[in-house]
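Basis for what follows: all heavy atoms, side chains included, without hydrogens, waters or symmetry-related copies. Letters go in sequence order (proteins before strands), and every chain restarts at 1.
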Amino acid sequence: MSLSEAISTFVQDGCNIVLGAALENAVPFAATHELIRQGRRELNMIAPISDISTDMLIGAGCVTEVTGAWVGNVSGGMGHNFRRAAEKGLPHPIKVNDYSNFTIGMAFFAGAYGLPYIPVKTILGSDIMKSNKNIRLAEDPFSGEPVALVPALKPDVAFLVVQRADKAGNSHIWGSTGLTQEASIAANKIIVLADEIVEPEVIASDPSRVLIPGFGVDAVCHVPAACHPAPLIGKWKRDNHFFHDYHKETRDPADFDRWCDEWVRDLPDHEAYRAKLGGQLEDLRILGDIPSAPANYATE
Amino acid sequence: MTHEYSTQELMIIAAARQIADGERIFVGMRLPITAYGVARLTHAPNAVGLFESGVARYEPADGMLYTMCDGPNQLGAAWTTGLIQIMGLLSGGRVHAGFIGGAEVDRFGNINTSYIGDIDDPKVKLPGSGGAPDIAAMAERLVIIINHQKHRLVEKVDFITSPGYLDGGDARKKAGLPGAGPAVIITDRAILKPHGPSNEFHLASIHPGHTVEEVVGNTGWDLKSFPEVEQTPEPTKEEMDALHHIDKEGFWRS
């Protein structure tokens, strides 16, 4: 399925969307762009960090709610669109649901495994307990000590980038994965953006490397470099200049609009985006080969 | 002075000295990860570095990292896994110390990285917490690194993103926080530590070339001093050699 078709099929206005659950690598920026192109509105973007993806969607007017631990430009500073929306209501006011990284992780965990809420200690003492009315202070019935109750998060749709998948969505991921697994399993629909599509035997040869099995996946899209400008382990380096340029070129709303036209709205799809990057993208392609040792699954 | 060093390099060495051998440390990018590297090469060869995204490392990565998820931070890692597995070490009480910075810190070591002004109508919306509250709540101790300016070291933060000693005294314990709290604030002028039953941060040592008046004048609360204020010990040759080995391009030298 094309990414455009997957988004028009599975994402409606007002959806709760997980995008960027891996933190700063494997961010599905190709999906960010397509959500902007299709003009989705009133989205709730959910992710621990997700680098500049959420800032782009806010600037493009797609977002009315942000659920997460950090929004900005990890190597470049603050996110101008996030600040404008939170401070001045431009282009729309946004509601911010604050979490810490671990508490949003446990909220996904609860959502994934059918727990109504989960008790945690790591957010005690933080004013996030006051700003996020969903998190409640309670007494541990066993020890009598204070505990924070974090309700389950069950997003409508999760986007994830994987190094390789087969056509059925059985996916291999390696490197750190942040909250990819819990956030995806918690979601109602899973859309996989595969850097490479491989034969089913390749995935089946190493089931321990499967983070998300195909039977839970609703759409598989072959999108090379869907993570750009974020890195993908063994595939793409991080485009640090791109993050820096984004910071410089989105300082006011008109600048952001120009940036968004040039890099998103005026391009029909991710193939055109890759073509526009041209040699800049090729320079980020990882050409080296440092494979892990094979794992033996023989039965006799 | 036996050798040259910049203020930033002095801060890195002071931070490195906060890491004991064999400890598991939440590292963070830039200055703390450099400090971790120095500690590993000098007095703490068995320290373990933890990164929220799901990475644990022995040796720090080669070269400059822009994020903890960059490829070089994953190549040869001790463990690449998920956030819950790594931050679960914190929640399980298995982490000795963490480094964090922020926009504001107050006299009880509470840190704000969320809102300047009113929550509902903020003057500045800062990026947010990341995993800092989790580290502040659960690590056995916390090391805070911040530039020493009056608008950064404030009487009371507008929003406690990451808890220090809250309102002081035993408020932190009453709130049910397992970790002991911030042990030290390292700035570009001085080192502050909590003192007495209030746990208010006091001036513990001054970096060479700075004065008590200057430090007090650049602090947003009525900064009191320990009975004896020392000079922050200068970096040793061994420490500076280790730092230069890591920082080959001289990023921290000026």
d(B:L126 CG, A:W70 CH2) to nearest 0.5 Å is 10.5 Å
Chain A: which of B:R30, B:K123, B:R172, B:M29 shares the most heavy-atom pairs with it under 4.5 Å?
B:K123
Provide the closest heavy-atom pair for A:Y99 versus B:S129 in the form atom of the first, atom of the second, distance.
O-OG, 3.0 Å
Quick one: closest heavy-atom pair of A:F82 and B:P127, and the distance?
CE2-O, 4.2 Å
Step through the shown structure and confirm whether more than 12 heavy atoms of other residues, nucleotides or ligands are within 6.0 Å of NE2 on B:H195.
yes
Relative to chain B, which of A:G72, A:P146, A:G234 shows the most heavy atom pairs under 4.5 Å?
A:P146
Are more than 12 heavy atoms, taken from residues, nucleotides or ligands other than A:H241, located less than 6.0 Å from that residue's NE2 atom?
no
Top contributor to chain A contacts, counting heavy-atom pairs under 4.5 Å, from B:D120, B:L75, B:T80
B:T80
Enclosure of A:D140 CG (heavy-atom neighbours >12, cutoff 6.0 Å):
yes
Using atom types as modelled and distance alone, determine if a side-chain donor or acceptor of A:S176 lies under 3.5 Å from a backbone N or O of B:T81.
no
A:G175, A:G79, A:G77: which one forms the most heavy-atom pairs within less than 4.5 Å of chain B?
A:G175
Just wondering, are more than 12 heavy atoms of other shown residues or ligands nearer than 6.0 Å to CZ in B:R94?
no
So for atom CZ, which belongs to A:R136, do other residues, nucleotides or ligands contribute more than 12 heavy atoms lying within a distance under 6.0 Å?
no
B:I84 portion near chain A, given a 4.5 angstrom heavy-atom threshold:
both
Contact winner vs chain A - B:N73, B:V124, B:V55, heavy-atom pairs under 4.5 Å:
B:V124
Taking atom OG1 of A:T177 and atom CG of B:L83, what is their separation to the nearest 0.5 Å?
9.0 Å
Given a strict heavy-atom distance threshold of 4.5 Å, which part of A:E145 is in contact with chain B: side chain, backbone, both, or neither?
neither
I'd like to verify something: which residue of A:E182, A:K237, A:Q181 has the highest number of heavy-atom pairs under 4.5 Å with chain B?
A:E182
Grab the two heavy atoms, one from B:C69 and one from A:P231, that are nearest each other, plus how far apart they are.
O-CG, 4.3 Å
A quick test of your reading: do over 12 heavy atoms of other residues, nucleotides or ligands sit less than 6.0 Å from OH of B:Y58?
no
Rounded at 0.5 Å granularity, tell me how far CG in A:L179 sits from CE in B:M87.
9.5 Å
With chain A as the partner, which of B:P72, B:G130, B:A137 has the greatest number of non-hydrogen pairs under 4.5 Å?
B:G130
Measure A:I233 against the heavy atoms of chain B and call it side chain, backbone, both or neither at under 4.5 Å.
side chain
Among A:N240, A:N25, A:N73, which residue has the highest count of heavy-atom pairs closer than 4.5 Å to chain B?
A:N240
Would you indicate whether B:D167, at its atom CG, is surrounded by more than 12 heavy atoms from other residues, nucleotides or ligands within a distance under 6.0 Å?
no
B:S53-A:E24 side chain donor-acceptor pair, cut-off 3.5 Å:
no
Distance check, rounded to the nearest 0.5 Å: A:K121 atom NZ versus B:L90 atom CG?
14.0 Å
Shortest non-hydrogen contact from A:D98 to B:Y115?
OD2-OH, 2.7 Å
When every non-hydrogen atom of A:E87 is compared with those of B:K125, the smallest separation belongs to OE2-N, 2.7 Å
For residues B:D134 and A:S100, report the shortest heavy-atom separation together with the two atoms involved.
OD1-OG, 2.7 Å
Any idea which of A:L23, A:T180, A:L124 has the most non-hydrogen atom pairs under 4.5 angstrom with chain B?
A:L124
For A:A22, is it the side chain, the backbone, both or neither that has a heavy atom under 4.5 Å from a heavy atom of chain B?
backbone
Heavy-atom contact with chain B under 4.5 Å, split by part of A:I290:
side chain
What part of A:F243 gets closer than 4.5 Å to chain B, counting heavy atoms only: side chain, backbone, both or neither?
neither
In terms of heavy-atom pairs under 4.5 Å, which option from B:P178, B:P122, B:G164, B:A171 contacts chain A the most?
B:P122
